[in-house]
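Start at 1 with the first residue, then count along the sequence. The structure displayed is predicted, hence computed values, not measured ones.
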Amino acid sequence: MAHRLVSIIPALIVAGLVIGPVAAVLWRGGGFTALSDADADAVAFTVWQAFWSALISVVLAVPVARALARRQFPGRGALIAVMGAPFILPVIVAVLGLVAVFGGRGVINAVLGPLGLPRLDIYGAHGVILAHVFFNLPLAVRLILQGWLSIPSERFQVAASLGAPLFWLLEWPMLKRIVPGAFAVIFVICLGSFAVALTLGGGPRATTVELAIYQAFKFDFDLGKAASLAVVQLALGLCAGLVALLLARGDMLGAGLDRVVQRWDGSRVLDAVWIGLAALFLLAPLGALVVAGVPGLALLPEGIWAATGRSVMIALGAVVLTMALALPLATKAGEAASLLGISVSGLVLGTGIFLIVQPYVRPASVALPVTLLVNVLMSLPFVLRILRTGVDGAKADYGRLGASLGLRGWALWRIAYLPRLRRPMGFSAGLTGALAMGDLGVITLFSRPGQGTLPLAMYELMGRYQMDAAYGAALVLVGTSLALFWVFDRGGRVNADV
């Protein structure tokens with residue numbers, strides 16, 4: 001009974017933090033509002049682009065993750081960490097990098113023009129999908145790679161000695177368990193696309209639900225319409241998440257000796273090609289950002305460092321609170337509850353929380369704590385998707401053994417479970433900190449002048465057309481986000497042979 005309460009209470013807290021703000025916006029807006037034809041088109045486009053973005057990301061991630069799982073080479077750990085950079089980049093910063101490579105004056109068109117080939121246009125539905133694949137391919141690779149690394153090395157050795165097909169016997173069952181959840185998480189992420197659609201959508205035909213919510217807030221202040229669209233978005237996200245949870249069945253593969261998996265099968269050349277192409281696609285825009293940002297470092301205003309400090313504090317707070325909620329929520333029911341956070345617009349969540357606290361405090365005075373809380377809700381589904389496989393495996397393999405030794409509660413977690421969760425916990429903490437560091441959402445609505453975060457300071461520089469300084473701020477933001485991610489991720493991988 002006590003064990004169930006430990007998982008039920010955090011789930012109820014998460015559900016209340018999501019449903020309460022949506023209800024507040026609905027109440028202030030006077031209830032639901034009928035959706036127009038344009039809103040229906042936005043819903044249809046959102047589902048269409050999210051499906052293709054998630055499908056392409058997962059399909060491309062499988063051979064890349066497999067190549068990384070079965071090949072050991074110098075710098076592999078650093079490459080895996082750097083390849084994860086696009087997902088943890090602030091969206092608006094990464095979009096600038098994509099435009100620098102694929103845009104009208106980008107590197108690709110600079111090569112295509114002299115060759116007499118058609119120029120590449122990044123704007124429109126295909127640009128939205130390209131950007132989403134750029135952001136989410138690293139996440140899909142890491143999620144699927146964790147699944148491959150969870151297969152004990154001994155099982156590969158036994159299967160090979162029997163002449164059994166490794167893929168169908170060991171890898172395919174793992175993919176059936178991991179891929180549906182990865183697809184659903186990426187699908188839900190793409191349902192909430194805002195900055196990508198705003199900058200690359202190219203018109204009404206490429207408007208997402210999140211962008212329609214922003215327009216309802218910004219131009220019409222129609223809270224009823226915004227809340228109605230948010231409920232539609234919530235329903236879509238929950239359906240995708242619940243389908244994934246139903247499909248992601250199957251037992252864990254058992255416990256190994258925590259050794260690096262030594263592989264001898266497959267083509268080394270083909271694996272190298274997959275790794276090289278993925279690295280080039282993901283790192284070229286990051287390189288373009290570095291080239292553009294270095295000259296702007298000398299032009300940064302003094303307030304940029306205080307804004308950086310506020311962003312770091314939000315990121316660290318989000319890591320602590322997210323991990324505290326994630327461990328007791330690392331069950332199928334807990335993961336389902338966490339999908340509420342990512343299925344609802346962050347703008348609606350933030351606005352709803354501000355409406356709730358407005359009678360008691362000034363909204364601007366709690367802008368930073370609310371930003372932290374919204375980031376926790378947004379990060380939980382990713383963290384639980386990463387942790388649950390490890391938690392289930394640790395409980396199945398060591399739970400009874402620990403109980404037979406008289407271990408209960410925290411002692412069981414400390415001795416039997418947590419040492420085997422260091423790698424996914426480190427990755428989860430790094431992901432949470434980097435995402436919170438680069439968030440530009442709620443803070444834009446209610447922040448007081450001079451009290452914003454680093455992403456908001458960069459956005460303000462762009463609004464004043466100080467683009468060189470904005471690129472410099474973007475470089476600081478990228479460096480800080482990557483540093484946070486590396487510190488936590490590396491901490492989880494020390495002596496873990498990743």
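- Nearest heavy atom pair, residue T322 against residue A318, reads OG1-O, 2.6 Å.
- Checked against side chain to side chain contact (heavy atoms under 4.5 Å, CB included), L316 has the following partners two or more places apart in sequence or in another chain: V312, L484, F488.
- Note that CG of L130 and CZ of F135 are 10.0 Å apart. Values are rounded to the nearest 0.5 Å.
- Checked against side chain to side chain contact (heavy atoms under 4.5 Å, CB included), A50 has the following partners two or more places apart in sequence or in another chain: F187, C190, L191.
- Rounding to the nearest 0.5 angstrom, the gap separating the CG atom in L68 from the CZ atom in R142 is 9.5 Å.
- Taking both residues in full, the closest heavy atoms of A24 and G352 are given as CB-O, 3.8 Å, listed atom of the first, atom of the second, then distance.
- In this structure, S311 and T453 approach most closely via the heavy-atom pair OG-CB, 3.1 Å.
- Contact check for L431 versus D489: no side-chain heavy atoms found under the 4.5 Å cut-off.
- Using a 4.5 Å heavy-atom threshold, the side chains of L282 and P138 count as touching.
- Residues L454 and M437 are in side-chain contact: their nearest non-hydrogen atoms beyond the backbone lie under 4.5 Å apart.
- Within the structure, side-chain hydrogen bond (donor to acceptor under 3.5 Å, both in side chains) pairs that include any residue of residues 48-63 comprise Q49-H132, S53-H132 (at least two apart or interchain).
- The side chain to side chain contact (heavy atoms under 4.5 Å, CB included) test applied to P285 returns L98, V101, F134, not counting sequence neighbours.
- Taking each heavy atom of S481 and A434 in turn, the nearest pair found is O-CB, 3.7 Å.
- Across all their heavy atoms, L300 and A469 have their closest contact at CD2-O, 3.4 Å.
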Under 3.5 Å, which donor-acceptor pairs link side chains of residues 371-384 to any protein atom two or more places apart or in another chain?
from	atom 1	to	atom 2	distance (Å)
T371	OG1	A367	O	2.7
N375	ND2	T371	O	2.7
N375	ND2	D439	OD2	3.4
S379	OG	N375	O	2.8

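- One finds the CG atom of L143 at 7.0 Å from the CD1 atom of I186 (value rounded to the nearest 0.5 Å).
- Side-chain contact between L387 and M425 is present, with heavy atoms from C-beta onward closer than 4.5 Å.
- Side-chain contact between F51 and F183 is present, with heavy atoms from C-beta onward closer than 4.5 Å.
- Contact of the P295 side chain with the D468 side chain is not registered, since no non-hydrogen atoms from C-beta on lie closer than 4.5 Å.
- Shortest non-hydrogen contact noted between G472 and L297 is O-CD2, 3.6 Å.
- In this view, L60 and I56, V133, L137, W274 satisfy the side chain to side chain contact (heavy atoms under 4.5 Å, CB included) rule, not counting sequence neighbours.
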